[in-house]
Amino acid sequence: MFHIPFHSIRTVTTAHLAQTMTLLSLTSNELQQQIEAELASNPALEMLDEKRCPTCKRLLSPRGICSVCSRPSQSSPEEPIVFVSTREVEYYGGGAREDDYGDDMGSAACDDLPTYVLRQIAPDLEAGDRKLAAYILTHLNEDGLLTVKLIEVAMYFHVPLARLEAIKRIIQRADPIGVGSDSPREALLVQLDVLAENGRVPDLARILVDEHLDAVSRRQFAELARLLHVPAEKVRAAAQFIGENLNPYPGRSSWGDVRSVASQQTGVYYRPDIIIGRLDDQPDTPLVIEILFPMGGTLRINPLYREAIHQAEEEQKGPMREDLERASLFVKCLQQRNHTMQRLLQRMAVLQREFILKGNKHLKSITRASLSKELEVHESTISRAVANKAVQLPNGRIIPLADFFDRSLSARVALKELITTENKPLSDAELVGLMAQRGFSVARRTVAKYRAMEGILPAHLRQSSGASYG
DNA sequence: CTATGGCACGGATT
DNA sequence: AATCCGTGCCATAG
């Protein structure tokens with residue numbers, strides 16, 4: 001059964017459970033819609049203005065306390081700070097309706113991706129440019145790449161090419177970064193630019209992507225090293241960086257079939273629901289985990305409405321009571337959801353600290369079941385809480401929350417390392433031995449599967465990446 | 001004969 | 001109860 005945290009046991013109805021469960025599995029933008037709908041249909045609910053912390057701009061708790069700035073004297077940096085926040089949720093939710101986006105979007109009732117991108121960039125565009133952007137966005141293929149030439153669009157609309165190029169540049173920097181590029185190469189370059197602004201990027205990466213993408217994907221590191229007059233090791237490192245941080249097909253990062261497409265699972269994802277950062281961006285400080293709440297302000301029951309019941313006509317009282325009941329249920333469910341998410345992430349951050357800070361290699365395989373035991377909730381609660389949510393890590397990467405439970409990720413990373421540093425192509429059977437040494441006991445067949453997932457060719461088709469003489 | 005990929009089964013996960 | 005994942009067996013390619 002469903003475990004309720006002790007302090008919130010009270011009027012627990014089945015409706016409560018059902019609604020909490022559904023709310024739990026919602027993304028923050030879905031939650032936003034849910035809340036908006038509820039707010040619109042139920043007069044007993046009201047949204048208080050948001051109050052923000054003057055120093056860090058994060059949302060204050062109803063009592064006016066900022067979770068970050070006035071945090072209790074943290075005893076250890078291991079303990080993460082977890083809180084619900086609205087920071088950085090900058091939807092163009094205001095006046096934007098679908099019909100603002102122009103009429104020429106074709107019959108293709110836009111997939112998620114075009115609308116999603118358009119929402120982000122709409123505020124940055126003139127009204128006229130929005131139409132152009134919408135047009136461009138409807139000509140993306142499933143990989144998120146452009147299927148028309150800008151020059152054609154320019155002729156079609158009779159606008160200068162430069163204007164379209166400017167729009168394209170804006171699109172490319174929107175969330176699945178690199179979306180709207182002409183080629184995987186261009187997408188990668190944009191991603192590199194953006195990453196370079198936020199952090200360090202191997203200097204080789206750019207030239208590799210720009211001029212030698214083919215060779216990189218064939219893993220001809222030795223030749224590249226010779227060509228570029230740099231150590232092979234640097235080439236490998238840069239190539240690895242590219243593989244881990246960039247995604248040549250920005251569109252493929254949508255939910256669902258992530259793992260089936262070989263080597264695409266390290267993609268760029270959509271808007272995060274959770275942001276993990278470090279306090280003041282200092283190393284060795286507690287992790288700050290923000291569970292994004294899609295709307296500013298605090299949701300509560302309208303006290304005036306409660307008053308109004310007493311003065312209402314007798315036959316009105318019934319329906320009004322119901323409204324009130326629904327409202328308080330909804331608020332409770334929301335609190336419940338936030339509470340669960342907080343506890344979940346709190347625990348998760350402790351368990352997977354290494355992974356969060358140092359990357360895939362350090363992922364511990366935790367199962368949802370084990371976590372549910374620790375937190376004393378039902379397994380399905382964890383499942384729902386984890387489903388369909390994206391986390392932004394301190395290094396800026398956005399991954400599905402479910403990746404925290406990937407049983408084989410660290411094994412795959414190890415495998416990739418083995419292969420990229422091999423001197424002669426190793427057969428799957430040989431890899432089994434090496435993997436065992438590193439603490440991964442897997443079957444030969446499984447090595448083959450991991451290889452496939454990472455998009456690594458079988459041994460006999462692999463270029464020797466070490467010295468050409470064996 | 002060796003290295004791989006396909007299919008299918010069973011146990012774990014959801 | 002449905003689905004996913006690791007693995008064993010077998011066919012096939014080199």
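Below, read A as the first sequence line, B as the second, and so on, with proteins coming before strands; counting in each chain starts at 1.
- In this structure, of dA8(B), dC9(C), dT14(B), it is dC9(C) that holds the atom nearest to the side chain of R445(A).
- Nearest heavy-atom pair, F330(A) versus Q34(A), reported as atom, atom and distance to 0.1 Å: CZ-O, 4.3 Å.
- Going from atom CG of D403(A) over to atom P of dC4(C) covers 16 Å, rounded to whole Å.
- Among the heavy atoms of the strands lying under 4.0 Å from R407(A) are primed sugar atoms or P, OP1, OP2 only; no base atom is included.
- The shortest heavy-atom contact between A414(A) and F440(A) is CB-CE1, 3.5 Å.
- You'll find a donor-acceptor pair under 3.5 Å spanning the side chain of R444(A) and the base of dG5(B), going by distance alone.
- Regarding E430(A), its CD atom lies at a distance of 9 Å from the P atom of dT4(B), rounded to whole Å.
- Remark: Y450(A) is not in phosphate contact with dC5(C), judged by side-chain N or O atoms under 4.0 Å from OP1 or OP2.
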Item to complete: Please report the C-alpha distance between D193(A) and R206(A) in whole Å, then the side-chain angles of each, then the deciding distance to 0.1 Å, and finally whether the salt bridge (charged side-chain N to carboxylate O under 4.0 Å, His left out) criterion is met.
Response: CA-CA 9 Å; D193(A) 284 343; R206(A) 183 160 192 100; 2.8 Å; yes

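- The H460(A) side chain lies nearest to dT4(B) when the options are dC7(B), dT14(B), dT4(B).
- Counting to the nearest Å, the P atom of dT14(B) and the CG atom of D406(A) are 11 Å from each other.
- Taking 4.0 angstrom as the limit, S380(A) places none of its side-chain polar atoms (N or O) nearer than this to OP1 or OP2 of dT14(B).
- When the C1' atom of dC5(C) is taken as reference, atom CZ of F405(A) falls 17 Å away, rounded to whole Å.
- DNA chain B is contacted by both K449(A) and A429(A); A429(A) maps to the nucleotide lying nearer its 5′ end (nearest heavy atom per residue).
- Counting to the nearest Å, the P atom of dC5(C) and the CZ atom of F440(A) are 17 Å from each other.
- Looking only at atom types and distance, the side chain of N338(A) has no donor-acceptor partner in the side chain of T340(A) under 3.5 Å away.
- As a whole-Å value, the separation of L415(A) CG from dT4(B) P is 12 Å.
- Distance L371(A) CG to dT13(B) C1': 14 Å, rounded to the nearest Å.
- Of the listed nucleotides (dG6(C), dG5(B), dT14(B)), dG6(C) has the atom at the smallest distance from the side chain of S408(A).
- Nearest heavy-atom pair, K364(A) versus L351(A), reported as atom, atom and distance to 0.1 Å: NZ-O, 3.6 Å.
- Distances from the side chain of T367(A) to the nucleotides dT13(B), dC9(C), dA3(B) place dT13(B) closest.
- In this structure, L344(A) atom CG and dT14(B) atom P are separated by 13 Å, rounded to whole Å.
- Nearest to the side-chain atoms of P458(A) among the listed nucleotides dT4(B), dT7(C), dT13(B) stands dT4(B).
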